[in-house]
Amino acid sequence: MTDSTTDPQAGVARIERTIRARLDELAEALRKQSLAVRVGTSALVVWNPAASATDDPRGQAMNPGLSQCVAIAPDGGSLHWYWCWTGPTRDAPLETEYMCPAEETDRAAVLITKVLRVDERDGRRS
């Protein structure tokens with residue numbers, strides 16, 4: 001029998017389980033803020049449905065116009081959250097920007113919610 005501390009496959013499986021758990025925790029925290037979330041294998045996309053509620057045809061064409069991709073990745077032996085931005089051209093790869101350590105799920109949720117917040121008084125992003 002192989003020890004899980006020396007078996008590379010066991011280590012990868014453990015990291016994958018931790019990534020999935022962190023993604024699910026963040027998704028739950030974001031849903032509590034009335035945001036919609038789609039979870040992938042190492043990232044999630046979150047959007048604010050309130051930002052899509054519009055009678056403006058331009059706004060409807062951009063639906064969902066207020067969204068953000070957030071990735072989780074290892075660095076230096078621990079996991080971290082990263083903002084994902086589109087590159088300067090359509091063919092460019094995604095660019096990432098450090099957000100916070102992955103265990104700081106509540107902090108990540110607050111930051112993401114601030115970015116996707118719509119001012120309820122007039123429906124504008126604030």
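Taking both residues in full, the closest heavy atoms of S34 and P49 are given as O-CD, 3.6 Å, listed atom of the first, atom of the second, then distance. Heavy atoms only, all atoms of each residue included: Y82 and T96 are closest at CB-CB, 4.1 Å. Residues H80 and S78 come closest through the heavy atom pair NE2-OG, 3.1 Å. Residues Y98 and C100 come closest through the heavy atom pair OH-C, 3.3 Å.
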Can R22 and E25 be said to form a salt bridge (Lys or Arg N to Asp or Glu O under 4.0 Å), step by step? CA-CA 5 Å; R22 294 290 185 209; E25 289 170 16; 3.2 Å; yes
Could you walk me through whether L116 and Q68 pass the side chain to side chain contact (heavy atoms under 4.5 Å, CB included) check? CA-CA 8 Å; L116 299 178; Q68 180 64 52; 4.2 Å; yes
Determine whether M99 and V70 satisfy the following criterion, side chain to side chain contact (heavy atoms under 4.5 Å, CB included), listing intermediate values before the conclusion. CA-CA 9 Å; M99 183 187 308; V70 175; 3.9 Å; yes
Check against side chain to side chain contact (heavy atoms under 4.5 Å, CB included), V45 and V37: CA-CA 6 Å; V45 176; V37 183; over 6 Å; no
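Residues V39 and L26 form no side-chain contact, since every pair of their non-hydrogen atoms from C-beta on lies 4.5 Å or further apart. Using a 4.5 Å heavy-atom cutoff, the side chains of W81 and L23 are in contact. Within the 4.5 Å cutoff, side-chain heavy atoms of W83 are placed close to those of I112.
Follow the hydrophobic side-chain contacts under 4.5 Å out from L44 and you reach I15 in the same cluster. In the hydrophobic cluster analysis, where Ile, Leu, Val, Met, Phe, Trp and Tyr join through side-chain heavy atoms closer than 4.5 angstrom, V115 is grouped together with L30.
In this structure, OG on S42 lies 9.0 Å from CD1 on I72, to the nearest 0.5 angstrom. Separation of atoms CG (D106) and CG (L111) is listed at 11.0 Å; rounding is to 0.5 Å. The line from CZ of R38 to SG of C69 is 11.0 Å long, rounded to the nearest 0.5 Å. Distance CG/L79 to CD/E103: 8.0 Å, rounded to 0.5 Å.
Classification of E16 and R20 as a salt-bridged pair fails, no side-chain N sitting under 4.0 Å from a carboxylate O.
Side-chain contact check for W85 and E97: at least one donor-acceptor pair (N or O, by modelled atom type) lies under 3.5 Å.
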